S.K.: 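I am attaching a structure below and will ask some questions about it afterwards.
Only heavy atoms go into these numbers, but all of them, side chains included; no hydrogens, no water, no symmetry mates. Each ligand, and each atom within it, is numbered from 1 in the order the structure gives. This is a predicted model, so every value here is computed, not measured.
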Amino acid sequence: MDRLVYLDNNATTMVAPEVVEEMMPFLTTRYGNPSSIHSFGGEVGIDVEKARHRVAEFIGADNDYEIVFTGTGTESDNMALLGSLAYYRDKRHIITSRVEHPAILSLCKKLERDGYRITYVPVDREGILDMDYFMDAVDDDTAVVSIMYANNETGVINPVSEIGAFLRDRGIPFHVDAVQAAGKIPIDVNSIHCDLLTLSGHKFHGPKGIGVLYVRRGTRIRPVLIGGHQERGRRPGTENVPGIVGIGRAAELAGTHVDYYGTGVKKMRDMLEKGILEKFSNAHLNGSPGNRVPNTTNIGFDYIEGESILLYLNEKGIAASSGSACSSGSLEPSHVLRAMGVPFTSAHGSIRFSLSRFITEDDISYVLSVLPGVVERLLELSPYWDNINRTGKPVNI
Ligand SMILES: Cc1ncc(COP(=O)(O)O)c(C=O)c1O
């Protein structure tokens, strides 16, 4: 295969060469433990603090010690919720949305089984959160609210600043899962008014296996892991120094490239989206056209299977992902598209294309040249499409 076009950057990203370069010494010669007294370890500790500072700057934190390094975005999400519940023991209500990542949603389902009351705020057909429903749900028993900044499948952005201001006035802790916003739109914890915020290194050209939980000074939260004194006791365990150095550099780079996401990356995303929607009468956009991170488009192709499109694209060196993929392997379409009320016929043929700053216009032209052959081939095989052609009527599925 001569050509590779990677359009699955919401799943994971390439580690930027500058990040690899900065991590390398910590995988080879500089292997000291930051907690050690000798200079071998102590000097490494300086690099950990440099990384903490870079991440703090990236999200506008007031103090470097508001940054806690964790193992993944999933761990940060769990720590935000479980750590808050462990402090507010007498409160039994959590508010989240129906379209969160499983790192929040599956945890909430578990907490529900444990006796907590969970409000899952609905979204509309464009994936926009129902703010009236949210505000009505807040009560004296609410321990914590967790709402994602941007959705991983559709890219739709939630009104986090509005939610943050509402909760701040009521003294309720607010956690924002910003894993899919980082690097794509500017993040400022003070304008969001959040108390807790999650990042994951591998989503913005950093390494895998390193996450961040921002904890605003004064936020009441208890550690979830119990052990040593690392991260001021908030997240014990010997620091993943290469990962921490990597996420620090990745955060710094992401800060310098974020404007390009709003211009260059957006232009290419729009070129791809327009090219597809104009070409295929059976294609529809899933998610709000205007209110999305600039790298993501999720398109439903009526009457054909998303997985089949992906396999054919893969043969041509194009990597994307399917909105209908389900981790359990069942035929259920994604919970996000279902929450939005996307029809079954379209949800099953939904494809997420997620770009990065490494994509070129030439890559997009290549994808647009390959797609017609793929879609037409699958439509020819589709019994639903055949039925429409013969009877002129859509089928009821
Ligand atoms: C919105 C969101 N939250 C959390 C996560 C989990 O992050 P990690 O892969 O670092 O555990 C992801 C990963 O896809 C995500 O998209």
Side-chain angles (χ1 to χ4, degrees), residues 6-15 19 55 59 67-82 96-110 120-121 123 127 129 144-158 160 163 174-185 187 192 194 196-214 224-225 235 237 240 242-244 246-247 250-251 254 286-287 292-293 295-298 319-323 325-327 334-337 339-340 352-356:
Y6 183 75
L7 294 176
D8 201 12
N9 288 280
N10 286 10
T12 198
T13 57
M14 180 183 97
V15 184
V19 172
V55 174
I59 57 172
I67 304 300
V68 180
F69 291 115
T70 66
T72 55
T74 301
E75 186 190 321
S76 301
D77 281 351
N78 273 248
M79 184 174 157
L81 258 58
L82 296 174
T96 188
S97 84
R98 288 194 193 165
V99 295
E100 297 296 307
H101 186 271
I104 291 292
L105 224 39
S106 300
L107 174 61
C108 285
K109 296 282 177 211
K110 192 229 172 246
Y120 300 96
V121 181
V123 297
L129 201 75
V144 59
V145 173
S146 184
I147 299 288
M148 68 197 331
Y149 204 147
N151 185 269
N152 44 307
E153 291 189 28
T154 59
V156 172
I157 298 172
N158 280 319
V160 283
I163 297 170
F174 180 32
H175 168 246
V176 174
D177 176 343
V179 167
Q180 293 292 345
K184 300 168 189 168
I185 51 173
I187 297 179
I192 302 172
C194 61
L196 302 155
L197 181 136
T198 291
L199 299 175
S200 174
H202 73 103
K203 306 287 185 178
F204 55 96
H205 301 292
K208 293 172 184 57
I210 182 74
V212 161
L213 184 65
Y214 158 80
V224 172
L225 297 182
R235 200 281 188 177
N240 168 9
I244 290 173
I247 200 174
N286 292 322
R292 276 176 302 161
V293 285
N295 81 317
T296 307
T297 181
N298 186 313
S321 94
S322 160
C326 179
S327 46
S334 97
H335 70 282
V336 175
L337 300 182
M340 290 162 60
R352 177 187 71 188
F353 299 98
S354 47
L355 285 66
S356 79

S.K.: Would you tell me whether N10 and T296 have side-chain atoms, one donor and one acceptor, within less than 3.5 Å of each other?
M.R.: yes
S.K.: Mark yes or no: K184 above the aromatic ring of F204, with NZ or CZ under 6.0 Å from the six-membered ring centre and no more than 45 degrees from the axis.
M.R.: no
S.K.: Could you work out, with ring pair (Phe, Tyr, Trp, His ring centres under 6.0 Å) as the rule, every residue matching H205, not counting sequence neighbours?
M.R.: F358
S.K.: Any luck finding a side-chain donor-acceptor pair between E75 and T72 under 3.5 Å?
M.R.: no
S.K.: May I ask you to test the Y6-T12 pair for a side-chain heavy-atom distance under 4.5 Å?
M.R.: yes
S.K.: Can you tell me which residue among T297, N298, D8 is in a side chain to side chain donor-acceptor pair (under 3.5 Å) with R352?
M.R.: D8
S.K.: Measure from every N or O atom of ligand 1 to the protein's N or O atoms and keep only the pairs below 3.5 Å, writing each with atom names and distance to 0.1 Å.
M.R.:
| from | atom 1 | to | atom 2 | distance (Å) |
| --- | --- | --- | --- | --- |
| ligand 1 | 3 (N) | D177 | OD1 | 3.3 |
| ligand 1 | 3 (N) | D177 | OD2 | 2.6 |
| ligand 1 | 9 (O) | H202 | NE2 | 3.0 |
| ligand 1 | 10 (O) | G73 | N | 2.8 |
| ligand 1 | 10 (O) | S200 | OG | 2.6 |
| ligand 1 | 11 (O) | T74 | N | 3.0 |
| ligand 1 | 11 (O) | T74 | OG1 | 2.5 |
| ligand 1 | 14 (O) | H101 | NE2 | 3.3 |
| ligand 1 | 14 (O) | K203 | NZ | 2.6 |
| ligand 1 | 16 (O) | Q180 | NE2 | 2.8 |

